[in-house]
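Contents: one structure, followed by commentary.
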Amino acid sequence: MNGAFYQNRIYPRLVHWLGNPKPILDLRKQIVPLAHGIVLEIGVGSGANIAHYDVGRVIKLYALEPNPEMLQLAEEERRRTKLNVQFIDSPGERIPLDDGTVDAVVSTFTLCTIPAVVQAIRSIARVLKPGGKLIFLENSVAADPRVRRWQRWWEPIHHRVFSGLYLTRDIPSLIAAGGFRIDRMTSLYLADFPKSWTSCCWGSAVRQP
């Protein structure tokens with residue numbers, strides 16, 4: 001199968017169809033409303049988070065997404081809300097916003113897929129205002145070494161099918177290395193089986209001075 005065709009046509013629909021089971025939907029409802037003021041979402045994808053922003057607290061949402069088919073799906077979600085959204089066709093490593101311009105950044109299942117993740121986290125820190133928060137929900141490496149072995153086994157398959165997804169990234173350590181202090185975080189398996197697919201962490205981190 002042609003790689004570009006899969007990436008641009010099939011994968012967006014696959015994510016739109018598979019990407020919001022109840023445990024993930026419940027977490028989106030929990031963490032996305034924490035964003036306020038001027039907000040940047042990196043890897044907005046098909047727009048699964050758009051419905052969960054608090055319109056009364058969000059002045060503007062910059063929605064970053066390099067995949068044009070994903071942007072079309074996200075635009076359909078935007079039409080169902082009164083949220084002020086500006087879509088930006090750009091990858092997370094190159095955020096085209098000025099320094100210190102946003103109050104919060106939201107990332108759900110983006111830091112676990114984006115190629116240059118350290119560069120992306122540093123870019124997030126750059127555009128956040130002092131004291132601004134990164135709100136995240138990501139696949140992350142499991143604490144249990146037995147689960148980690150299965151994560152390493154499955155990772156090449158997930159990496160190919162889910163457009164670069166890594167199961168073994170230590171997301172909390174990467175966030176800390178990118179200039180943040182994690183102020184709240186939960187790490188759990190979202191399903192008992194397969195644990196290697198569902199090891200996730202979510203919470204918020206404050207940009208360090």
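Just the heavy atoms: all of them, side chains too, but no hydrogens, waters or symmetry mates, feed the values below.
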| query | Lys195: what forms a side-chain hydrogen bond (donor to acceptor under 3.5 Å, both in side chains) with it, not counting sequence neighbours? | reply | none
| field | Heavy-atom closest pair, residues Ala104 and Ile135 | value | CB-CD1, 4.4 Å
| Hey, does the side chain of Glu65 reach the backbone of Gly45 with a donor-acceptor pair shorter than 3.5 angstrom? | yes
| task | For the pair Asp89 and Leu71, evaluate side-chain contact (heavy atoms from CB on, under 4.5 Å) and give the outcome as yes or no after the intermediate values. | result | CA-CA 8 Å; Asp89 177 7; Leu71 283 175; 4.1 Å; yes
| Distance in Å, Leu190 CG paired with Leu27 CG, rounded so as to fall on 0.5 Å steps | 6.0 Å
Can you list, pair by pair, the side-chain donor-acceptor contacts under 3.5 Å of residues 116-131, counting residues two or more places apart and other chains?
| residue | atom | partner | partner atom | Å |
| --- | --- | --- | --- | --- |
| Gln119 | NE2 | Glu93 | O | 3.3 |
| Ser123 | OG | Glu93 | O | 3.2 |
| Ser123 | OG | Gln119 | O | 3.0 |
| Arg126 | NH1 | Leu97 | O | 2.8 |
| Arg126 | NH1 | Asp99 | OD1 | 2.7 |
| Arg126 | NH2 | Ile95 | O | 2.8 |
| Arg126 | NH2 | Leu97 | O | 3.2 |
| Lys129 | NZ | Asp103 | OD1 | 3.2 |

| message | Looking at Val58, is its backbone amide N or carbonyl O close enough to the side chain of His36 to form a donor-acceptor pair, meaning the two atoms are under 3.5 Å apart? | response | no
| said: Applying a strict under-4.5 Å side-chain criterion to I, L, V, M, F, W and Y, I'd like to know whether Trp202 and Ile182 cluster together. | reply: no
| message | For the CZ atom on Arg181, are there more than 12 heavy atoms of other groups (residues, nucleotides or ligands in this structure) within a distance under 6.0 Å? | response | yes
| Just wondering, do Pro172 and Met185 contact through their side chains at under 4.5 Å, heavy atoms? | yes
| said: Walk me through whether Tyr62 and Glu41 qualify under side-chain contact (heavy atoms from CB on, under 4.5 Å). | reply: CA-CA 6 Å; Tyr62 291 105; Glu41 182 175 343; over 6 Å; no
| request: Heavy atoms only: give me the nearest Pro96-Ile88 pair and the separation to one decimal. | output: CG-CG2, 3.5 Å
| query | Under the 3.5 angstrom rule, does the side chain of Glu138 hit a backbone N or O of Ser140 as a donor-acceptor pair? | reply | no
| What residues, two or more places apart in sequence or in another chain, satisfy salt bridge (charged side-chain N to carboxylate O under 4.0 Å, His left out) together with Asp183? | Lys133
| query | Is there a donor-acceptor contact under 3.5 Å from the side chain of Arg148 to the main chain of Val141? | reply | no
| Quick one: CD on Glu155 to CG on Leu165, what's the gap to the nearest 0.5 Å? | 7.5 Å
| said: Please give me the minimum heavy-atom distance between Thr168 and Gln151, naming the atom from each residue. | reply: CG2-CB, 3.7 Å
| Has Arg94 got more than 12 heavy atoms of other residues, nucleotides or ligands less than 6.0 Å from its CZ? | no
| field | side-chain hydrogen bond (donor to acceptor under 3.5 Å, both in side chains) partners for Lys22, two or more places apart | value | Asp26
| Just by distance, do the side chain of Arg28 and the backbone of Ala48 share a donor-acceptor pair under 3.5 Å? | no
| query | OG/Ser196 to OH/Tyr189 distance, rounded to the nearest 0.5 angstrom? | reply | 9.0 Å
| Is it true that Val206 and Val102 fall in one hydrophobic cluster, defined by side-chain heavy atoms closer than 4.5 Å? | no
| field | Inter-residue atom distance Thr198.OG1 - Phe193.CZ, 0.5 Å rounding | value | 10.0 Å
| said: Run the salt bridge (charged side-chain N to carboxylate O under 4.0 Å, His left out) test against Asp144 and tell me which residues pass, sequence neighbours left out. | reply: Arg146
| Would you call Leu64 and Thr110 a side-chain contact if the rule is heavy atoms closer than 4.5 Å? | no
| message | Could you see if Ile59 belongs to whatever hydrophobic cluster contains Val39? Use Ile, Leu, Val, Met, Phe, Trp, Tyr and a side-chain cutoff under 4.5 Å. | response | no
| query | Does Asn67 use its side chain to pair, donor to acceptor, with the backbone of Met70 at less than 3.5 Å? | reply | yes
| field | Over all atoms of both residues, closest heavy-atom pair of Ala142 and Val147 | value | CB-CG1, 3.5 Å
| said: If we ignore hydrogens and angles and just use 3.5 Å, is the side chain of Ser107 paired with the main-chain N or O of Phe136 as donor and acceptor? | reply: no
| field | Test side-chain contact (heavy atoms from CB on, under 4.5 Å) applied to Leu134 and Arg207, step by step | value | CA-CA 8 Å; Leu134 167 61; Arg207 177 196 156 187; over 6 Å; no
| Roughly how far, to the nearest 0.5 Å, is the CG atom of Leu174 from the CZ atom of Phe180? | 12.0 Å
| task | Just jot down the salt bridge (charged side-chain N to carboxylate O under 4.0 Å, His left out) partners of Arg78, sequence neighbours excluded, or say none. | result | Glu75
| message | Between Arg80 and Glu77, does any side-chain N to carboxylate O distance fall below 4.0 Å? | response | yes
| said: Please say yes or no: joined through hydrophobic side-chain contacts below 4.5 Å, possibly via intermediate residues, are Val106 and Leu40 part of one cluster? | reply: no
| If Ile, Leu, Val, Met, Phe, Trp and Tyr residues are connected whenever their side-chain heavy atoms lie under 4.5 Å apart, and connections chain through other members, are Leu137 and Tyr53 in the same group? | yes
| task | Drop me the distance from Leu34's CG to Ser204's OG, to the nearest 0.5 angstrom. | result | 7.0 Å
| request: Say whether, by atom type as modelled, one donor and one acceptor occur between the side chain of Asn139 and the main chain of Trp197 under 3.5 angstrom. | output: yes
| said: Are Ile38 and Thr101 packed together at the side-chain level, in the sense that at least one heavy-atom pair is separated by less than 4.5 angstrom? | reply: no
